[in-house]
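Just the heavy atoms: all of them, side chains too, but no hydrogens, waters or symmetry mates, feed the values below.
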Amino acid sequence: MIALLIAVPLAFAFATVAYPKLSKYVFSLVTLFNLTLLIGYVHPTQVVEVGKWPAAYGIVLLLDNVNYQFLIMVNLILLAVSISATFQDKLGTLLIVLTAALNGLLLTGDFFNAFVFLEIISAVAYILSAQNKNSYAAFKYLIFGAIAGTLYLIGAVSMYVYAGTLNMGYAGFIASHEYVEIAGILMLIALLVELKVLPLGLWAPDVYSNGSTLTPVILGSAITLTMFYFYARIFFNIIGPVNANLVYVLAIVSLIFAQLAAMKQRTLGRTLSYLAIAGASTVMAAFSAGAMGDEKLISAALLYLFNDIIAVFVLFIIFGYLNGKGFKNNTVAGIAFSLVSISLIGFPLTTGFWAKLNLISTLFSAGDQVLPALMLISTVIEAGYLIKWNVDLWYSHDEEDESNEVYVPFGAQIVVLLFALTLVVFGFMPHIITDQTDKIASNVFDFKAYFDTILKGGM
């Protein structure tokens, strides 16, 4: 049944080509179907051999305790996008295709199949990036993405040459370390581009700040979450860490630069863009620090990622509608903006507080003093510009703003408020999230379980 998570969106995407005005509503129904299927009918562990070919030589889909929670979260975000974002009818079909591709990347156990889904995701992302006449930024992203896609393909082909199979589990089992490392480096660079770790993420500020309620939300939440899963699957579960120390240093440098850049920005869009880069860089640094099998550290990083993804979603939806205008006529949106801001800062009894506390304490326990120190400095900087923007937006008295009043639609207000309140509620009950992150972390380093499951104990 897990194949339906890909097949149903693709079928409806083709069906809506002739009826583009219906695509927006079909997008909501497809994501709702996916969530219903995931919560009510399919549970880990399931393996589907497409075409009944043996898993080692054919296409295989896997649902396990690592990707199950990611699938629910990604489809929940896409459902929220369908309710809260404003977009042209013709983009609805693309978003349904994107849903299929994201689910496919989360489920696939095949390196080349992953490449196909990555390219579909990238193609949709390029189109979304060009919204609001942002062609130059989209072209820059296209250049970075094309290079990343080529490097990943070369890495996948290298794995096939070295292992004689594209099955992730089988290739990871039989390929020698030196060959795996070469292929891994190529795939690593490709994923760092998509995860916007600077300097490979230099495309992101221009793309994220295009003023759309769709582009930065999709790229900064659903796609980013999927890419972090794929990174963890490859470099924790299958081939092991590749140049983890170098990635750690690169992510730290990216974090510092992004926070300093965010502090200097004069527009809200670019400030939030660098904030998103800083969040992703922090998670990447934590992933690199725990790459050798530190389950507690990976669990803490996943909690931090959850808080960051929800916050980015809310902030960019509100920015897309108000574009820096005040909260005078949008009190609900203002409350949501302020709630996620205090969670990002790490105010006590919010999800962000537990996320930062858990990550910093776990890093100290692992003997890392550098990243915790930088996180504390980063928090001070982040608090400075987030408080500034909250004050500016709540107490805006610009006559131009008053003469050109804008409103956040009712559906979007409900979604952002619910997401913001989620970060508050989970701040009182963090175990609800940590139980899930602990489960993911305890399984993501277990290659034997993955190998036995995806190959059903053999070839």
Side-chain angles (χ1 to χ4, degrees), residues 122 125-126 129 134 136-152 185-210 215-216 219-221 223-228 230-232 235 241-289 291 301 304-305 308-309 311-312 315-316 344 359 370-382 384-386:
S122 297
Y126 302 148
S129 300
N134 202 28
Y136 172 73
F139 180 72
K140 186 161 61 173
Y141 182 22
L142 173 63
I143 298 299
F144 276 90
I147 295 172
T150 303
L151 291 175
Y152 178 87
I185 290 173
L186 297 172
M187 294 180 183
L188 174 64
I189 296 171
L191 289 178
L192 289 178
V193 170
E194 296 298 336
L195 290 169
K196 51 191 179 289
V197 175
L198 300 174
L200 300 175
L202 285 173
W203 57 269
D206 291 335
V207 169
Y208 278 46
S209 60
N210 71 349
T215 307
L219 269 65
S221 56
I223 292 180
T224 295
L225 189 60
T226 303
M227 294 302 169
F228 268 115
F230 194 54
Y231 175 91
F235 297 107
V242 174
N243 288 341
N245 291 334
L246 179 60
V247 176
Y248 176 82
V249 173
L250 190 65
I252 282 178
V253 173
S254 178
L255 167 62
I256 296 170
F257 180 84
Q259 289 291 22
L260 292 175
M263 183 176 62
K264 294 289 186 180
Q265 300 307 307
R266 294 173 179 258
T267 62
L268 179 59
R270 292 190 70 84
T271 299
L272 296 180
S273 300
Y274 283 109
L275 180 148
I277 293 172
S281 299
T282 302
V283 176
M284 181 55 67
F287 270 21
S288 301
Y304 191 99
L305 176 62
D308 190 69
I309 291 294
V312 165
L315 293 175
F316 275 112
L344 278 172
L359 185 53
V370 176
L371 183 55
L374 289 175
M375 285 181 63
L376 292 172
I377 296 171
S378 172
T379 298
V380 174
I381 297 173
E382 198 169 59
Y385 63 74
L386 283 176

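In this structure, CZ in F144 is found 14.0 Å from OG in S122, a value given to the nearest 0.5 Å. Rounding to the nearest 0.5 angstrom, the gap separating the OH atom in Y248 from the CG atom in L246 is 13.0 Å. In this structure, CH2 in W203 is found 15.5 Å from CZ in F139, a value given to the nearest 0.5 Å. Once rounded to the nearest 0.5 Å, the distance linking CG of L195 with CG of L200 reads 10.5 Å. Atoms CG and CG, on L186 and L191 in that order, are 11.5 Å from each other to the nearest 0.5 Å. Taking CG from L386 and CD1 from I381, the interatomic distance works out to 11.5 Å, rounded to the nearest 0.5 Å.
Taking the six-membered ring where the residue is Trp, F287 and Y231 present parallel rings, their angle staying beneath 30° rather than reaching 60°.
Contact between Y141 and S129 at its shortest, heavy atoms only, is CD2-OG, 3.3 Å. Between G201 and I277 the shortest heavy-atom distance is O-CD1, 4.3 Å. Closest of all the heavy-atom pairs between V207 and A137 is CG2-O, 3.6 Å. Residues A148 and V193 share a closest heavy-atom pair of CB-CB, 3.9 Å. Between F316 and P216, the closest heavy-atom pair is CD2-CB, 3.4 Å. Between S273 and P205, the shortest heavy-atom distance links the atoms OG-O, 3.5 Å.
At a threshold of 4.5 Å between non-hydrogen side-chain atoms, the residues M284 and L192 count as touching. Two residues are said to be in side-chain contact when any heavy atoms from C-beta on lie closer than 4.5 Å; L272 and Y208 fail this criterion. In this structure, D308 and L344 have side chains that are in contact, with non-hydrogen atoms separated by less than 4.5 Å. Counting only heavy atoms from C-beta outward, the side chains of E194 and Y152 never approach each other to under 4.5 Å.
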Kindly indicate, with the supporting measurements, whether the criterion side chain to side chain contact (heavy atoms under 4.5 Å, CB included) is fulfilled by D206 and R270.
CA-CA 7 Å; D206 291 335; R270 292 190 70 84; 2.7 Å; yes

Mind running side chain to side chain donor-acceptor pair (under 3.5 Å) on K196 and T224 for me, showing each step along the way?
CA-CA 9 Å; K196 51 191 179 289; T224 295; 2.8 Å; yes

For residues 250-259, dump all side-chain donor-acceptor pairs below 3.5 Å to protein atoms at least two apart in sequence or in another chain.
unit_1 : atom_1 : unit_2 : atom_2 : d
S254   : OG     : L198   : N      : 3.0
S254   : OG     : S281   : OG     : 2.6
Q259   : OE1    : Y385   : OH     : 2.6
Q259   : NE2    : S378   : OG     : 2.6
Q259   : NE2    : E382   : OE2    : 3.4

